[in-house]
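We count ligands from 1, going down the list as the structure has it; atoms in each ligand are counted the same way. Everything quoted here is computed from the prediction, not taken from an experiment.
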Amino acid sequence: MTEATNFKFCSYEDADETIEEAATASSNLEQDSTMCDTEDHQTSADYYFDSYSHFGIHEEMLKDVVRTKTYQNVIYKNKHLFKDKIVLDVGAGTGILSLFCAKAGAKHVYAIECSQMADMAKEIVVANGFSNVITVLKGKVEEINLPVSQVDIIISEWMGYFLLYENMLNTVLYARDKWLVNDGIVLPDNASLHLTAIEDSEYKEDKIEFWNNVYGFDMSCIRKQSMMEPLVDTVEQNQIVTNCQMLKNMNISKMTSGDASFTAPFKLVAERDDYIHALVAYFDVSFSVCHKMTGFSTGPRSRNTHWKQTVLYLEDVLTICQGEFVTGTMTVTQNKKNPRDVDITVKYSLNGRRCNVSRTQQYKMR
Ligand code: SAH
C-alpha cells in the first residue's frame, strides 16, 4: 500500500537571466488554474481514501512484483493454512489477495475496502467466478458489520512509506482484536524498520542546498522545510557508507498500536572513509508461519519496490573514517493532528578523528 503522490513537473527551456526576458516569459495560467482548487472542500481523510479510488495506485501496487508475488507465493505455497478457513482481507483494493486466498481453497473470504475501488472488486470477484467464496464489503474496517463473529486468518497489505506512514497498521490491529480467533494468524506477522547511512552530496545539493540561491535569491527558509521532509527515493548500493541496523521489530500478531510509537538507539559503523549526508530508512516484512520462511525487503541492497527507501538528510556533512561510528536515537510517533502523518526525531553524534558533531533534527512524513 502507498498513498498516491501526484507531483506535477513542468519543464522549461533554460531561461536567459535578463530582467526583460524574465518579465515577458509566457505564462501557462490557463493550464495551471485547474490544479489548485479541486481539493479545498475535502478533509485529509477524504483525500486519503479518494486516492485509492483511482485504478492508478492499484496498478502501481499490482505491478510491484516483489510485493504482489510474495503474497501470491505465501498463499499458493501454503494451501494447508487456507484450506477450509475463514479469511478477512483488510483493505482489499482490487481484491487481489482475496482472489489468491479463494484460489488456495479458503472456505470464505471477507474483503473489506472503503474506497470506490470496492465496486470494482465486486465486479472482479463475479467476473472470475468467486462470488460464492468472496464477499466484498464496502466501508471502513472500523465501521463495518462483519457477517461472522470470528475469522481464522487476517491478511493485509497495510505498509506505507517508512513502514508506518498512513498508519493503516492500526486498522489491522483493530480487526485482529475484534475478529481473529485465539490461535488465528495474521499475514504478514512480522515487520521491521532498518537504518543505514549514505553518501549523497549530489542529490542533497539538488534537493536541499538549491534553496540557498534560486536565480540569485535567498530562499533558504524553504530549505528548512525541505530538510524536514523525508524524501522517498531509491538509493544506490554504492552510496551506502555504514552497516545496516534494525531499529524496531514488530510482531503483528501480538503488538499493540502503542508499540508503533517508539524510541530506538542506533550505532552505524563506517565500512570505508567517506562523507555521510543522510540516513536511510527501509523496512522488511515476513510471513513466519509459512512452511518456508517468506518475506521481502525494501532495502537498497534488494530489488526495488514501489516503497523505494526513505532518505533523511542531515544538517551536517559527516566526515567519517572506516571503523568510526555514528550513534544516536530515532523517535517515531504519530502526528497528533493528523494520525496518518509520522513525526520523526533523530539525535545523532559522531566523535571521529576528522569530525565532531552532535545534533537533534525533526522530520515529518506527510
Ligand atoms: N490489498 C490490496 C490493496 C492494498 S492498499 C492489494 O494488495 O493490492 C490498501 C487498501 O486499504 C486501499 O485500497 C485502501 O483504500 C484500503 N484501506 C485503508 N484503510 C482502510 C480502512 N480503515 N477500512 C477499509 N479499507 C481501508
Side-chain angles (χ1 to χ4, degrees), residues 1-5 42-76 87-104 106 109-125 128 130 134-146 151 153-161 163-179 186-188 191 252 257 260 283 285 287 294-296 298 305-307 334 338-341:
M1 168 180 105
T2 293
E3 190 172 1
T5 43
Q42 291 188 324
T43 66
S44 64
D46 288 338
Y47 176 67
Y48 170 76
F49 292 121
D50 252 33
S51 67
Y52 283 105
S53 295
H54 190 266
F55 63 83
I57 192 166
H58 295 279
E59 180 177 354
E60 188 190 15
M61 291 188 291
L62 293 170
K63 285 181 177 169
D64 180 341
V65 288
V66 173
R67 181 199 89 109
T68 311
K69 268 273 163 200
T70 302
Y71 276 87
Q72 188 185 41
N73 284 338
V74 162
I75 299 165
Y76 285 3
V87 180
L88 177 62
D89 180 355
V90 171
T94 54
I96 185 72
L97 305 183
S98 296
L99 293 163
F100 288 156
C101 294
K103 209 165 167 177
V109 186
Y110 293 97
I112 309 181
E113 171 58 44
C114 60
S115 76
Q116 302 303 326
M117 194 48 63
D119 300 329
M120 292 292 110
K122 285 179 188 170
E123 274 193 52
I124 292 166
V125 165
N128 289 278
F130 284 111
I134 302 174
T135 306
V136 178
L137 302 163
K138 188 177 182 180
K140 287 191 185 159
V141 168
E142 294 80 357
E143 294 164 6
I144 217 98
N145 227 333
L146 203 63
V151 301
I153 299 175
I154 287 181
I155 193 158
S156 184
E157 198 283 81
W158 53 268
M159 296 81 75
Y161 294 132
L163 184 63
L164 297 168
Y165 182 56
E166 294 180 52
N167 198 18
M168 198 182 147
L169 176 57
N170 264 348
T171 300
V172 174
L173 301 181
Y174 173 93
R176 180 198 69 186
D177 294 343
K178 189 163 181 184
W179 293 303
V186 185
L187 298 169
I252 315 300
S257 62
F283 65 88
V285 292
F287 302 76
T294 313
F296 62 85
T298 65
T305 69
H306 76 288
W307 286 284
Q334 273 177 31
N338 185 354
R340 295 207 176 269
D341 292 353

For the rings on Trp307 and Tyr165, is their centre-to-centre separation under 6.0 Å?
no

Is there a heavy atom in Ile96 that sits closer than 4.0 Å to ligand 1?
yes

Report yes if Lys140 has an N/O atom closer than 3.5 Å to an N/O atom of ligand 1; otherwise report no.
no

Can you confirm whether Phe55 is buried at CZ, in the sense that more than 12 heavy atoms of other residues, nucleotides or ligands lie under 6.0 Å from that atom?
no

Is it the case that ligand 1 has an N or O less than 3.5 angstrom from some N or O of Arg340?
no

With heavy atoms and a 4.0 Å threshold, my read on which part of Val141 contacts ligand 1 is both

Examine the proximity of ligand 1 to Met117 and report which part, side chain or backbone, both or neither, has a heavy atom under 4.0 Å away.
neither

Enumerate the atoms of ligand 1 whose separation from the nearest heavy atom of Glu113 is less than 4.0 angstrom.
10 (C), 11 (O), 12 (C), 13 (O), 14 (C), 15 (O), 16 (C), 25 (N)

Atom 26 (C) of ligand 1: of Cys114, Ser51, Gly160, the nearest heavy atom sits on Cys114

With heavy atoms only and a cut-off of under 4.0 Å, state how Ser156 meets ligand 1: side chain, backbone, both or neither.
neither

Return the option from Gly95, Gly139, Gly91, Ser98 holding the heavy atom at the smallest distance from atom 24 (C) of ligand 1.
Gly139

Show me which atoms of ligand 1 lie under 4.0 Å from any heavy atom of Thr171.
21 (C), 22 (N)

Working for side-chain contact (heavy atoms from CB on, under 4.5 Å), residues Lys63 and His306:
CA-CA 9 Å; Lys63 285 181 177 169; His306 76 288; over 6 Å; no

Worked verdict on Trp158 versus Val90 for side-chain contact (heavy atoms from CB on, under 4.5 Å)
CA-CA 8 Å; Trp158 53 268; Val90 171; over 6 Å; no

Flag the pair Tyr71 / Phe100 as yes when their ring centroid distance falls below 6.0 Å, and as no otherwise.
no

Stepwise side chain to side chain donor-acceptor pair (under 3.5 Å) check, Ser115 with Glu113
CA-CA 6 Å; Ser115 76; Glu113 171 58 44; 2.7 Å; yes

Judged on heavy-atom distance to atom 8 (O) of ligand 1, which of Arg67, Glu60, Met61 sits nearest?
Arg67

Close approach of His58 to ligand 1, heavy atoms, under 4.0 angstrom
yes

Are more than 12 heavy atoms, taken from residues, nucleotides or ligands other than Lys178, located less than 6.0 Å from that residue's NZ atom?
yes

Checking side chain to side chain contact (heavy atoms under 4.5 Å, CB included) against Phe287, which of Val74, Ile155, Val186, Asn73 comes through?
Val74

